[in-house]
J.: 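Let me give you the structure first, and then I'll get to my questions.
Counting convention: from 1, in listed order, for ligands and their atoms alike. Quick caveat, the model's predicted, so the values are computed rather than measured.
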Amino acid sequence: MPVRILMVCLGNICRSPLAEGILASKLPKDKFFVDSAGTGNYHIGKKPDNRSIGIAKRKGIDISCQKARQFTARDYKEYDYIYVMDGSNYSNVIDLAPDENSKKKVSLILNELFPNENVDVPDPYFGLENGFATVYEMLDEVCDVIAEKLIKEHTTS
Ligand code: 4NP
């Protein structure tokens, strides 16, 4: 059974689709499954924002086939790790936890890089084009740390 990882943001069209594509590119497909979802329902069924598709494509990652969906309490059953992009996502996801133990699956993603600092991945949706490049770099850096940790924990050498 592959280890299942879920990336979560608000709209599931800018940050979490990038996080999904980047982390998946760093993990062996037979051992890990990576998905993403949004806490909001505004963009259900839509492909990622063209600016996220564009920056990923320039880095050699194709996220154009992803489809936005909304995070639900059921995701706590189906995923082993849930990484959220900002503090607001964290509250919204924690509010849906079925029990105390499930809450341990949720981490603010940049805490993997800067432990306990609670740094947000900024929402680039309403900002300038270069916000997407900044978000890409942040996610690429933290996904290196996450991939290394997951591979160490879940695969034998
Ligand atoms: P995301 O960005 O959470 O990184 O996908 C957003 C996308 C859409 C909206 C907000 C954030 N929106 O308000 O529609």
J.: Say whether Asp95 and Asn92, considering side chains only, have a donor N or O and an acceptor N or O under 3.5 Å apart.
T.: no
J.: When you check ligand 1 against the protein, what N or O pairs turn up below 3.5 Å? List the atom names and distances, or just say none.
T.:
{"residue": "ligand 1", "atom": "2 (O)", "partner": "Asp123", "partner atom": "OD1", "Å": "3.2"}
{"residue": "ligand 1", "atom": "3 (O)", "partner": "Leu10", "partner atom": "N", "Å": "2.9"}
{"residue": "ligand 1", "atom": "3 (O)", "partner": "Gly11", "partner atom": "N", "Å": "2.8"}
{"residue": "ligand 1", "atom": "3 (O)", "partner": "Arg15", "partner atom": "NH2", "Å": "3.0"}
{"residue": "ligand 1", "atom": "4 (O)", "partner": "Arg15", "partner atom": "N", "Å": "2.9"}
{"residue": "ligand 1", "atom": "4 (O)", "partner": "Arg15", "partner atom": "NE", "Å": "2.8"}
{"residue": "ligand 1", "atom": "5 (O)", "partner": "Gly11", "partner atom": "N", "Å": "3.4"}
{"residue": "ligand 1", "atom": "5 (O)", "partner": "Asn12", "partner atom": "N", "Å": "3.3"}
{"residue": "ligand 1", "atom": "5 (O)", "partner": "Ile13", "partner atom": "N", "Å": "3.0"}
{"residue": "ligand 1", "atom": "5 (O)", "partner": "Cys14", "partner atom": "N", "Å": "2.9"}
{"residue": "ligand 1", "atom": "14 (O)", "partner": "His43", "partner atom": "NE2", "Å": "2.8"}

J.: For a quick check under 3.5 Å, do Asn111 and Ser107 share a side-chain donor-acceptor pair by atom type?
T.: no
J.: Enumerate the residue pairs fulfilling ring pair (Phe, Tyr, Trp, His ring centres under 6.0 Å) with a member in residues 45-86, sequence neighbours excluded, ordered by first and then second residue.
T.: Phe71-Tyr76, Tyr81-His154
J.: Crowded around Glu78 CD? As in, over 12 foreign heavy atoms under 6.0 Å?
T.: yes
J.: Charged N to carboxylate O under 4.0 angstrom, Arg69 versus Asp75?
T.: yes
J.: Does the side chain of Ser102 pick up a donor-acceptor pair with the side chain of Asp99 at under 3.5 Å?
T.: yes
